[in-house]
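All remarks here apply to the structure that follows.
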Amino acid sequence: MKKLFTLLAAGILLLAACNKEKKSQSMSNIDQTTIEKTIALLKETATTDEAQARLERSVPQTAALWTAEDGTPEEFTAFCQEYFVADEAALLQLANTLQHNFESLYGCYNKIGVDLKLAVHVDGPEMTAVDELFGAFDPSAHLDDDMYGSKLAFVTVLNFPFYTLEEKNEMGKSWTRQQWAYARLGDIYTSRVPASVNQNAAQALSLADNYISAYNIYMGNLVDEQGKHLFSPEVGALITHWGLRDELKSDYADAANGLAKQRMIYQVMQRIIDQTIPQEVINSDQYEWNPVTNKLTKDGAAVKFTSEPDTRYQFLLDNFHAEQAADKYNPIYPSALDRAFNRDMEVSCDEIEQLFTEFVSSNQVKRVAYIIKDRLGRDLEPFDIWYDGFKSRSAISEDQLTAQTQKLYPNRDAVQAGLPTILHKLGFTPDMAQYICSKVTVDPSRGAGHAWEAAMKGDKARLRTRIGANGMDYKGYNIAVHEFGHNVEQTLTLYNVDNYAMRGVPNTAFTEALAFVFQTRDLELLGYKSTDANQEALNTLDIFWGCYEIMGVALVDMRVWKWMYANPSASASELKEQVMAIARDVWNQYYEPVLGEKDSPILAIYSHMIDSPLYLANYPYGHIIQFQLEQQLKGKNIADEIVRIYPVGRLTPQNWMRHAVGSEVSTKPLLLAADEAVNALESK
């Protein structure tokens, strides 16, 4: 799971979106008369059509950000006369200078941030309070203030104006690569969030991340109503929710005890959601716990405990308030929802919600659910949103897989050395595999795992996953393959992109898509090849069911944030009740008719709701893109296509997809393929 909202983003890449027809009256001291006068004066020397069109757009945008502290209206006009670049050759030189220096700034700040967070992200000695303080510190928080204070931000805005999403989607069809780079430079400075607000947001994110990273359940300490231990001590501590979810998935292969284990995990998840979980069992192996009765014992004697005091929801609330504090400095995107979707994803919240609700309401969901019910031989239960039986690994014991991964990857160095082999098996040439792997470094993770990108050439992307004392178990391996997919994207879209301003992908869903492409092949990489004639159909249904699962979670996430904006003074307790109510409503509307159990709150379990504000929509959007990518990859060399597709960099989503697969983002191909897959299985 890639960190969607890296702490660096809060401090550096700040806020892309200033509409050319609007400006912030509360911020600017430049009136319309001054703007018109400045444009007229610039046109006297900037005589080309291109330069005049550009200054008509950029001067009002620059004025919208200029405050009394920056100078008088007369000084504003003088600044524009001095720093507007009309000559195309000089403009290209300016773009190259800005990109070179931004790469140095962003790259070095990113590296500092990585170093400061090593103790909280990477497994090692027990974390100290000082480690947490360094982890929450954002060294780049004042950079934006400094760039405005030095007038460098104004030079950027004045010469590289902002284009709306609609303009990028339409005009971008015919833009050159250089024009795209200019447009992305125009996305950098469009609002002025004070450093103190950025630092507060970085701290809220870091503390929430620390909370989630240290939230483990010792599975060997769980007991049922007969006092039986369903999970062996070797299962160890599982991070919530990812570790619990992955254990639940693996239990489909356990014919003897799998269903009982899944029901127990489901109870654990519900205790976390409603905060009735004993604080004493969080990240502790000192007690035995029955999650059904919620009784705690030690050495056979009952133990009094304290339920977790809505801590989960306080962290969610803290992130909301941190984002809310930035709203007044974002006149065009004045809420976290606007920024997450219209700005960052470059897809509107309404468009995402419509896309997801149409999918989870589709008739195909019921058809696929019927296939799952038939394969399980029982009625479906809420936790079957994580049904994993379309993958060939569902028939392979996880113990068998873990024995293999621990032998292959006994330690961090073995994981690092094994990366080129993974790429070789995916079709990368030895030279390309070595090229990519030389730019990726492996760390054992405290949390479930993540991929942290480099922000300048010469630095390395970080692959983090859990590596136990006995080596990397299958869960860690599965996550590592996913994160390595991110690292491949991060490397290609930094080192192989022609303009630094174009580095990356349109939004995080596109890196998730490649991570999913890698992850679905994890068993192939271990040498397991499916001989099932229906495997293509099963792969389609696996992606389909993954979309169905995570779309509901994303809908809950979006509706929770809408509720927080409508109720900004809510307490953590009130928020908890509302999150559960929203989760139940979404469940009852789209999931209970398929999976049963009215009022299940299970959609509220996802950890990213707590530590990565409004990130969850990227997962199902990524699955949709993944399916379209898989269709493109079919019958081709996967590596060649990846190397062709990803270095195009940060176009808008629809322009990127046209380049990659020849069509725009759509659920229709997956819905049609799901029908075909069900038909194929039903005909057998």
* Does Arg466 have any side-chain hydrogen bond (donor to acceptor under 3.5 Å, both in side chains) partners at least two apart in sequence or in another chain, and if so, which? -> Asn216

* Asked: Can you find a heavy atom in the side chain of His229 that is under 4.5 Å from one in the side chain of Glu288?
  -> yes

* Establish, yes or no, whether the cationic atom of Lys298 lies under 6.0 Å from the six-membered ring centre of Tyr287 and within 45° of the ring axis. => yes

* Under 6.0 Å from the NZ atom of Lys295, do we count more than 12 heavy atoms belonging to anything else shown? -> no

* **Asn319 and Glu323: CA distance, side-chain angles, deciding distance, side-chain hydrogen bond (donor to acceptor under 3.5 Å, both in side chains) verdict** => CA-CA 6 Å; Asn319 271 328; Glu323 285 287 339; over 6 Å; no

* What closest approach, in Å, do Phe484 and Leu463 show between heavy atoms, and which atom pair accounts for it? -> N-CD1, 3.8 Å

* Would you say the side-chain atoms of Asp285 and Asn221 include a donor-acceptor pair closer than 3.5 Å? -> no

* Which distance, rounded to the nearest 0.5 Å, do you find between the CD1 of Ile638 and the CD of Glu630? -> 7.0 Å

* For Met219 and Leu244, work out which heavy atoms get closest and say how close. => SD-CD2, 3.7 Å

* Asked: Hey, is Lys475 close enough to Asp246 for a salt bridge, meaning N to O under 4.0 Å?
  -> no

* Could you pull out the closest heavy-atom pair between Met551 and Ile624, with the gap in Å? => CE-CD1, 3.8 Å

* To do: Verify whether one side chain among Gln632 and Glu641 offers a donor that lies under 3.5 Å from an acceptor in the other.
  => yes

* **Which residues share a ring pair (Phe, Tyr, Trp, His ring centres under 6.0 Å) with Phe341, sequence neighbours left out** => none

* Is there a side-chain contact between Gln628 and Ser663 (heavy atoms, below 4.5 Å)? -> yes

* Would you indicate whether Lys407, at its atom NZ, is surrounded by more than 12 heavy atoms from other residues, nucleotides or ligands within a distance under 6.0 Å? => no

* To do: Report, as yes or no, whether the 6.0 Å neighbourhood of atom CD on Glu536 holds more than 12 heavy atoms from other residues, nucleotides or ligands.
  => no

* What residues, two or more places apart in sequence or in another chain, satisfy side-chain hydrogen bond (donor to acceptor under 3.5 Å, both in side chains) together with Ser600? -> Tyr266

* Nearest heavy atoms of Leu376 and Leu380, plus distance in Å -> CD1-CD2, 3.8 Å

* To do: Could you tell me which residues satisfy side-chain contact (heavy atoms from CB on, under 4.5 Å) with Gln631, sequence neighbours excluded, listed by chain and number?
  => Phe627, Lys634

* Asked: Would you say the side chains of Tyr252 and Glu398 form a donor-acceptor pair under 3.5 Å?
  -> no

* Does the side chain of Gln589 pick up a donor-acceptor pair with the side chain of Asp585 at under 3.5 Å? -> no

* To do: Indicate, with yes or no, if the rings of Tyr646 and Phe510 have centres closer together than 6.0 Å.
  => no

* To do: Starting from the C-alpha separation in whole Å, work towards a yes-or-no answer on ring pair (Phe, Tyr, Trp, His ring centres under 6.0 Å) for Tyr215 and Tyr211.
  => CA-CA 6 Å; Tyr215 205 117; Tyr211 165 75; 5.4 Å; yes

* Does a donor on one side chain and an acceptor on the other come within less than 3.5 Å for Asn294 and Trp289? -> yes

* Asked: How are the rings of Phe359 and Phe544 set relative to one another: parallel (under 30°), tilted (30 to 60°) or perpendicular (over 60°)?
  -> tilted

* Strictly by modelled atom types, are Asp274 and Thr276 linked by a side-chain donor-acceptor pair under 3.5 Å? -> yes

* Could you go through the side-chain contact (heavy atoms from CB on, under 4.5 Å) check for Val292 and Asp224 one step at a time? => CA-CA 7 Å; Val292 176; Asp224 64 12; over 6 Å; no

* To do: Give a yes-or-no answer on whether the side chains of Gln314 and Asp318 include a donor-acceptor pair shorter than 3.5 Å.
  => yes

* Where do Gln654 and Val665 land on the side-chain contact (heavy atoms from CB on, under 4.5 Å) test, with the steps shown first? -> CA-CA 6 Å; Gln654 302 299 10; Val665 180; 3.7 Å; yes

* To do: Check the pair Val579 / Leu316 against side-chain contact (heavy atoms from CB on, under 4.5 Å), numbers first and verdict last.
  => CA-CA 10 Å; Val579 169; Leu316 174 57; 4.2 Å; yes

* Asked: Are Arg263 and Glu381 within salt-bridge range, i.e. N to O under 4.0 Å?
  -> yes

* Under-4.0 Å salt bridge between Asp675 and Arg367 -> yes

* To do: Check each of Asn290, Ile265, Ile217 against Leu222 using the side chain to side chain contact (heavy atoms under 4.5 Å, CB included) test, and report the only one that passes.
  => Ile217

* To do: Give the ring-plane orientation class for Tyr477 versus Tyr474, where under 30° counts as parallel, over 60° as perpendicular and anything between as tilted.
  => tilted

* Passes side-chain contact (heavy atoms from CB on, under 4.5 Å), Val365 versus Tyr590? Steps please. -> CA-CA 10 Å; Val365 168; Tyr590 302 114; over 6 Å; no

* To do: Could you tell me whether Asp384 and Arg378 have a side-chain N and a carboxylate O separated by less than 4.0 Å?
  => yes

Side chains of residues 552-562: which donor-acceptor pairs under 3.5 Å do they make with residues two or more places apart or in other chains?
unit_1 : atom_1 : unit_2 : atom_2 : d
Arg559 : NE     : Glu353 : OE2    : 3.3
Arg559 : NH2    : Glu353 : OE2    : 3.3
Lys562 : NZ     : Glu353 : OE1    : 2.9

* **Least distance between heavy atoms, Trp242 atom then Ser607 atom** => CH2-CB, 3.6 Å

* Sequence-distant partners of Asp599, side-chain contact (heavy atoms from CB on, under 4.5 Å), two or more places apart -> Arg584, Asn588

* Cut-off 3.5 Å, side chains only: do Thr402 and Asp473 have a donor facing an acceptor? -> no

* Decide if the gap between the ring center of Trp452 and the ring center of His121 is smaller than 6.0 angstrom. => yes

* **Check: Ser232/Glu234 side-chain N/O donor and acceptor closer than 3.5 Å** => yes

* Check whether the side chains of Glu308 and Gln275 place a donor and an acceptor atom closer than 3.5 Å, and report yes or no. => yes

* Have Gln626 and His623 got a donor and an acceptor in their side chains that come within less than 3.5 Å? -> yes

* Asked: Where the side chain of Thr357 meets the backbone of Gln354, is there a donor-acceptor pair that is under 3.5 Å apart?
  -> yes

* Parallel, tilted or perpendicular: rings of Tyr387 and Phe390 (30°, 60°) -> perpendicular

* Asked: Is a side-chain donor-acceptor pair under 3.5 Å present for Asn679 with Glu676?
  -> no

* To do: State which residue, out of Asp522, Leu523, Leu526, fulfils the side chain to side chain contact (heavy atoms under 4.5 Å, CB included) condition with Val481.
  => Asp522

* To do: Over all heavy atoms of both residues, which pair between Thr540 and Ala674 is shortest? Give the atoms and the distance, please.
  => CG2-N, 3.9 Å

* To do: Would you sort out whether Tyr528 and Gln404 count as a side-chain hydrogen bond (donor to acceptor under 3.5 Å, both in side chains), showing the intermediate values?
  => CA-CA 12 Å; Tyr528 296 94; Gln404 184 174 357; 2.9 Å; yes

* Among side-chain atoms of Gln279 and Thr306, is any donor-acceptor pair under 3.5 angstrom? -> no

* Begin from the C-alpha positions of Phe518 and His482 and carry the test ring pair (Phe, Tyr, Trp, His ring centres under 6.0 Å) through to its verdict. => CA-CA 6 Å; Phe518 272 58; His482 177 98; 9.5 Å; no

